[in-house]
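Written below as structure tokens is the structure these notes are about.
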Amino acid sequence: GAILNDGGDLRLTRVAMRNNRTIAPSSGVATRVVGGGAVVNSGNAKLTAKDCLFMGNTASGGTSYAFGGAIGNVSNSVTVIEDCTFIGNVATAGTISYGGAIGNIGSSQLTVTGSTFQGNGATGVQPGQQAFGGAIATRPGTVSTSGSSTTVEDRKSTRLNSSHVS
């Protein structure tokens, strides 16, 4: 991916993140988990994205799973998304895929306000492989959405696996 925010405070304003890739290597040591095609927010980090475009980003591979084609929010981290657009982002793995646009994993918190999700997808490599959350998937974690203009139109239905969604 383009950015690793490990324990920091990252603020993106009016940034376009296009065609970034986090891909497991095809040879050598197998990668168990792949996430965050554009941004990985990890280790109690905070990410704030405002008026940004995330387009055509990919998290691909992983022997266990792939998550967050555009953003991987993991390990007790916090992400706040405001007035952003997510188009054509993909998470795809050989086993299970989570969150075509955003994967919110490991007790992290995600807030989305006034944003648009269109044409994102979580897909398996082979037919019958599990995929969850074309736009957003969370396990475990918290997702809050608000704003009358938050729109989700994705290739796979959004499945939120969390104890709290408001």
Side-chain angles (χ1 to χ4, degrees), residues 1-3 12 15-24 33-42 47 49 51-74 77-166:
I3 299 172
L12 302 174
V15 173
M17 302 291 288
R18 293 183 184 184
N19 301 319
N20 296 286
R21 309 245 183 273
T22 299
I23 300 173
V33 177
V34 175
V39 179
V40 175
N41 196 46
S42 179
L47 167 64
D51 296 317
C52 293
L53 170 66
F54 295 88
M55 183 176 197
N57 299 290
T58 303
S60 178
T63 58
S64 290
Y65 61 91
F67 69 98
I71 297 173
N73 191 41
V74 65
S77 295
V78 175
T79 293
V80 177
I81 305 294
E82 184 177 337
D83 301 322
C84 291
T85 302
F86 294 81
I87 300 171
N89 300 288
V90 178
T92 183
T95 52
I96 302 173
S97 302
Y98 297 100
I102 302 172
N104 189 52
I105 310 290
S107 300
S108 295
Q109 297 175 13
L110 171 65
T111 301
V112 179
T113 305
S115 296
T116 299
F117 295 83
Q118 186 175 33
N120 301 287
T123 62
V125 175
Q126 301 293 325
Q129 291 175 326
Q130 295 181 323
F132 303 97
I136 299 169
T138 189
R139 68 173 289 268
T142 303
V143 176
S144 299
T145 61
S146 63
S148 59
S149 64
T150 298
T151 305
V152 177
E153 297 174 4
D154 285 309
R155 297 183 299 202
K156 298 269 185 189
S157 62
T158 302
R159 177 175 173 171
L160 301 174
N161 298 317
S162 69
S163 58
H164 172 74
V165 177
S166 60

Contacts of type side-chain hydrogen bond (donor to acceptor under 3.5 Å, both in side chains), residue S77, not counting sequence neighbours: none

Side-chain donor/acceptor of S108 to backbone N/O of V78, under 3.5 Å: no

L12 to C52 - nearest heavy-atom pair and separation: O-SG, 3.6 Å

Side-chain touch V143/N104, heavy atoms, less than 4.5 angstrom: yes

N/O donor-acceptor pair under 3.5 Å between N89 side chain and G100 backbone: no

Sequence-distant partners of S60, side-chain hydrogen bond (donor to acceptor under 3.5 Å, both in side chains), two or more places apart: none

Derivation of the side-chain contact (heavy atoms from CB on, under 4.5 Å) call for Q109 and T111: CA-CA 7 Å; Q109 297 175 13; T111 301; 5.9 Å; no

Residue pair I102 / L110, side-chain heavy-atom distance below 4.5 Å: yes

Close side-chain approach of T138 to Y98, heavy-atom, < 4.5 Å: no

Within-4.5 Å side-chain heavy-atom neighbours: L53 and R18: yes

Verdict with reasoning, V112 to F117, per side-chain contact (heavy atoms from CB on, under 4.5 Å): CA-CA 11 Å; V112 179; F117 295 83; 3.8 Å; yes

Side chain to side chain contact (heavy atoms under 4.5 Å, CB included), paired with N57, selected from N20, T22, I87: N20

Smallest separation among heavy atoms of A137 and G99, with atom names: CB-N, 3.4 Å

Residues which pass side-chain contact (heavy atoms from CB on, under 4.5 Å) with A66, listed by chain and number, not counting sequence neighbours: A93

Shortest non-hydrogen contact between A59 and G35, atoms and distance: CB-CA, 4.0 Å

CA sep, side-chain torsions, deciding dist, call: F86, Q118, side-chain contact (heavy atoms from CB on, under 4.5 Å): CA-CA 6 Å; F86 294 81; Q118 186 175 33; over 6 Å; no

L47 and I71: CA distance, side-chain angles, deciding distance, side-chain contact (heavy atoms from CB on, under 4.5 Å) verdict: CA-CA 10 Å; L47 167 64; I71 297 173; 4.0 Å; yes

Heavy-atom closest contact (D51 atom, C84 atom, distance): N-SG, 3.8 Å

Euclidean distance, Y65 OH relative to Q130 CD, rounded to 0.5 Å: 13.5 Å

Closest approach of V15 to M17 (non-hydrogen atoms, all atoms of both residues): CG1-SD, 3.7 Å

Nearest non-hydrogen partners of F54 and A38, listed with the distance: CD2-CB, 4.2 Å

T58 side chain to G69 backbone, donor-acceptor under 3.5 Å: no

